[in-house]
Protein chains: 2
Amino acid sequence: MCVTGFIRGDSLRITMAKIAELAGVSKATVSRVLNSSGYVSENTREKVMKIVREFNFVPDARAVNLSKSMTRTIGLVLPSTSGPFYMEVIRGIEDVLAFDGYYMLLMTFEASKNKNETRKKYKSLLEEKRVDGLIVFDPEADEPFVQQMARIKKPCVYLGREYQKIPIDTVSADNETGSRLMMLHLLETHGFRKVAFVRGPLDSYHGMERFKGYRKSLTEWGIKCDDELVFCGNFTREGAEMVAESIFSAKPEAIFASNDEMALGIIHKAKQLGYSLSDMPAIVGFDDAPWAEHINPALTTVRQPMYDIGRTAARLIMDRLSDNGHKAPMKVKLHTNVVVRESCGCFKNRFE
Amino acid sequence: MCVTGFIRGDSLRITMAKIAELAGVSKATVSRVLNSSGYVSENTREKVMKIVREFNFVPDARAVNLSKSMTRTIGLVLPSTSGPFYMEVIRGIEDVLAFDGYYMLLMTFEASKNKNETRKKYKSLLEEKRVDGLIVFDPEADEPFVQQMARIKKPCVYLGREYQKIPIDTVSADNETGSRLMMLHLLETHGFRKVAFVRGPLDSYHGMERFKGYRKSLTEWGIKCDDELVFCGNFTREGAEMVAESIFSAKPEAIFASNDEMALGIIHKAKQLGYSLSDMPAIVGFDDAPWAEHINPALTTVRQPMYDIGRTAARLIMDRLSDNGHKAPMKVKLHTNVVVRESCGCFKNRFE
DNA sequence: CTGAAAGCGCTTACAG
DNA sequence: CTGAAAGCGCTTACAG
């Protein structure tokens with residue numbers, strides 16, 4: 001059986017109409033066979049499947065999407081892919097999406113110069129129905145914008161912040177408490193009293209949260225927050241190396257860098273300045289970067305449950321998609337925890 | 001002007017037909033305005049845009065895709081997201097896609113148990129026209145399967161391998177030459193003659209390539225390839241730690257682990273066994289993992305240009321998409337290079 | 001159990 | 001410069 005115009009196995013231009021014609025049935029029947037929906041006699045099912053296989057026919061997803069009014073795709077927006085742990089978020093999300101047969105559209109802020117352009121772009125992902133739902137990690141998005149996102153009334157969860165006043169799903173880790181847990185370790189376990197803090201960029205939401213935790217802890221312990229012990233960084237290693245000397249000259253017992261990159265820079269500088277591992281002040285970070293356990297001394301830091309954040313967010317989206325019930329927005333908050341290694345002074349110099 | 005059934009700003013159920021009706025023109029005209037295609041009088045353009053803005057109308061991408069017969073989406077398939085450098089590939093690809101206004105659909109092997117299932121899935125991405133093109137990093141895909149991919153006759157580039165006999169675009173880094181460059185460094189610069197090699201899983205294509213480079217170098221230098229110096233690993237740190245002791249007892253001058261994870265495991269074990277940094281044999285890796293420069297000693301390793309691989313692949317796809325010329329498949333091969341740090345013996349113990 | 005027909009929401013020649 | 005109409009390739013009540 002050779003039909004003019006088509007080559008077997010060439011799925012390029014074959015459509016359901018052709019399959020129907022060749023099988024001697026209607027498009028509706030082919031559709032039923034392919035979707036296992038409605039009744040089809042075993043006989044015609046066979047007949048149809050034979051042709052389908054012969055031509056390796058695969059329905060056009062764009063047409064299916066339009067008809068069924070869905071896409072089986074979830075958008076994911078991340079600040080970057082190179083960050084230490086965004087990959088964990090992706091993994092958490094993919095695990096649940098793959099299970100439900102959904103696809104993931106990935107977009108980052110990295111490739112574009114203008115953040116607001118990127119925001120417009122991810123917003124339209126939802127508006128133009130290119131995705132059924134959206135997961136966004138954009139902690140610098142301001143409230144009016146997030147309000148707009150909420151008004152689209154499509155499944156959308158923001159990661160990393162709570163936006164308490166906005167009716168939108170969020171999943172975040174408690175950065176402030178993370179800071180406080182670290183301070184607890186430094187103040188209680190080690191008995192330090194003079195703890196320096198290296199801030200991130202002042203417009204960073206998480207940087208702010210972490211700093212708040214530091215200050216509140218000091219207050220709780222009745223320690224005055226000394227401005228001389230608070231330093232400005234920009235979350236980069238280089239930036240931290242620049243201020244490292246002035247930090248050292250303030251003679252702190254411990255240095256709390258608000259991310260691991262900066263902690264690394266400070267440790268590096270300390271070595272350059274001739275500090276040995278044993279007389280270096282305690283230096284701790286935040287994030288638990290993939291290399292944090294490998295550096296020398298191994299870095300004590302705060303870990304955010306990135307995988308769980310991704311997983312929880314994806315679950316939330318899937319729920320919204322199936323229930324389509326108008327449940328109240330959820331504000332999920334996950335725990336951070338301190339990963340104790342060597343750089344705080346615990347287990348110091350195990351192999352030396 | 002309040003139209004029944006619609007709330008301003010509610011883009012949920014408004015379609016082009018409604019916009020046309022409200023603006024008192026035809027759908028065709030609205031389409032022309034929105035796409036800036038064909039002639040439209042300034043007057044009607046204004047009229048239409050006013051309504052469009054008022055209702056925040058965004059055309060349904062699914063319908064556009066179906067009509068225009070495209071999706072502006074490229075699929076990307078990766079072994080995992082947690083690997084050391086896949087993120088670089090993503091970044092390279094995204095940089096060019098974002099520039100051309102394309103979207104990226106990401107899929108990994110990680111979330112699924114069965115590799116062949118995943119292959120079927122990414123193949124259908126192209127068949128069902130969910131994406132316009134596909135970039136695949138799946139070095140374990142066998143030739144018959146890749147043949148099938150080639151026959152789909154849609155833009156598709158395979159990363160990491162050449163598949164010389166198959167007419168399909170590929171972009172890969174030269175792993176074998178990478179190994180040889182490393183061996184050159186070990187043999188020539190350091191004058192080592194007794195170099196152990198730790199293989200990856202035997203079914204790994206890259207593992208094979210790297211091993212070949214090792215053997216060829218030895219042959220070239222007239223050194224007999226001693227089986228006693230070749231060890232089996234599985235690309236994991238734990239696996240390497242298991243064989244580390246037997247490696248040491250063979251007393252090699254240098255140990256070439258065919259990836260960084262294994263090098264790390266061996267270094268770790270060496271420390272545990274009491275080796276000091278100065279009497280440890282040279283230990284080098286492959287991949288340049290993000291933490292490779294941070295460990296102690298800093299790891300000498302081979303670097304693949306992952307960003308360039310991604311970028312090149314995306315460019316290739318974009319070209320295919322615009323030209324739609326039937327140019328011959330391209331086999332792009334990029335260079336690897338040795339990153340010299342401390343673990344080979346160069347700059348040993350700078351800060352000690 | 002099966003088919004004719006309308007519909008999903010756009011685009012694009014073709015007339016005028 | 002603009003509109004009527006066909007088309008993209010499916011799905012889905014509705015009849016029978």
Side-chain angles (χ1 to χ4, degrees), chain A residues 5-6 10-49 51-52 55-72 124 126-132, chain B residues 5-6 10-49 51-52 55-72 124 126-132:
Chain A
F6 294 104
D10 177 355
S11 65
L12 272 195
R13 329 208 91 247
I14 192 135
T15 69
M16 202 149 119
K18 293 296 173 188
I19 296 291
E21 189 187 329
L22 294 173
V25 297
S26 71
K27 289 186 300 176
T29 299
V30 177
S31 175
R32 285 190 198 100
V33 170
L34 260 22
N35 294 300
S36 319
S37 65
Y39 299 92
V40 187
S41 78
E42 194 47 45
N43 194 16
T44 64
R45 174 188 307 283
E46 283 299 314
K47 213 165 52 182
V48 170
M49 283 311 290
I51 306 289
V52 165
F55 289 84
N56 186 27
F57 171 65
V58 181
D60 187 317
R62 297 165 306 183
V64 175
N65 288 345
L66 184 57
S67 294
K68 287 201 177 167
S69 196
M70 41 91 91
T71 62
R72 282 202 156 283
S124 76
L126 222 41
E127 291 172 332
E128 67 183 11
K129 302 169 184 64
R130 195 178 283 276
V131 299
D132 295 337
Chain B
F6 294 104
D10 178 354
S11 66
L12 271 195
R13 330 209 89 246
I14 192 137
T15 69
M16 201 149 120
K18 293 295 172 189
I19 296 291
E21 190 187 327
L22 294 173
V25 298
S26 71
K27 288 186 300 175
T29 299
V30 177
S31 176
R32 285 191 199 99
V33 171
L34 259 23
N35 295 299
S36 318
S37 63
Y39 299 91
V40 187
S41 78
E42 194 47 46
N43 194 16
T44 64
R45 173 188 309 283
E46 283 299 315
K47 212 164 52 183
V48 170
M49 283 311 290
I51 306 289
V52 165
F55 289 85
N56 184 27
F57 171 65
V58 180
D60 187 317
R62 296 165 308 183
V64 175
N65 288 345
L66 185 57
S67 295
K68 289 201 175 167
S69 195
M70 42 91 90
T71 62
R72 278 200 156 309
S124 75
L126 222 41
E127 291 172 332
E128 66 182 12
K129 301 170 184 64
R130 196 177 282 276
V131 299
D132 295 336

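The model shown is predicted, which means the values in this text are computed figures rather than measured ones.
Note that CD1 of A:Ile19 is 13.0 Å distant from OG of A:Ser31, once rounded to the nearest 0.5 Å. Taking OG1 of B:Thr29 as the reference point, atom NZ of B:Lys47 lies at 9.0 Å (rounded to 0.5 Å).
C:dG3 atom C1' lies 18 Å from atom CD1 of A:Ile19, rounded to whole Å. Atom pair B:Leu66:CG and C:dG7:C1' shows a separation of 13 Å (rounding to whole Å applied). Atom C1' of nucleotide C:dC8 and atom CE of A:Met16 are separated by 14 Å, given to the nearest angstrom. The NZ-P distance, from A:Lys68 to D:dC10, rounds to 12 Å in whole Å.
Residue B:Arg62 is classed as having no contact, given no heavy-atom separation below 4.0 Å to the nucleic acid. Among the heavy atoms of the strands, none lies under 4.0 Å from B:Asn65. No contact: B:Ser37 has no heavy atom under 4.0 Å from any strand.
For B:Phe57, whose side chain is taken as the heavy atoms from C-beta onward, the closest listed nucleotide among D:dG3, C:dC10, C:dT2 is C:dC10. Candidate nucleotides D:dT11, C:dG9, C:dT11 were compared by shortest atom distance to the side chain of B:Thr15, and C:dG9 ranks first. Listed candidates were D:dT2, C:dC10, C:dC1. Nearest to the side chain of B:Arg32 is D:dT2.
For C:dC1, neither phosphate oxygen OP1 nor OP2 lies less than 4.0 angstrom from any side-chain nitrogen or oxygen of A:Ser41. For B:Thr44, a side-chain nitrogen or oxygen approaches OP1 or OP2 of D:dT2 to under 4.0 Å. Contact annotation: B:Thr29 reaches the phosphate of D:dG3 (side-chain N/O to OP1 or OP2, under 4.0 Å). Side-chain nitrogen and oxygen atoms of A:Ser26 include at least one within less than 4.0 Å of the OP1 or OP2 phosphate oxygen of C:dG3.
Across all strands shown, D:dA4 forms no Watson-Crick or G-U wobble pair with both distances under 3.5 Å. Nucleotide D:dA13 forms a pair with no other nucleotide shown, judged by Watson-Crick or G-U wobble geometry with both contacts under 3.5 Å.
Between B:Arg32 and B:Tyr39 the shortest side-chain heavy-atom distance does not fall below 4.5 Å. No side-chain heavy atom of B:Arg130 sits less than 4.5 Å from a side-chain heavy atom of B:Ser124. Counting only heavy atoms from C-beta outward, the side chains of A:Asn65 and A:Arg62 never approach each other to under 4.5 Å.
Each of B:Ser67 and B:Asn43 has a nearest nucleotide on DNA chain D; the 5'-most of these lies closest to B:Asn43.
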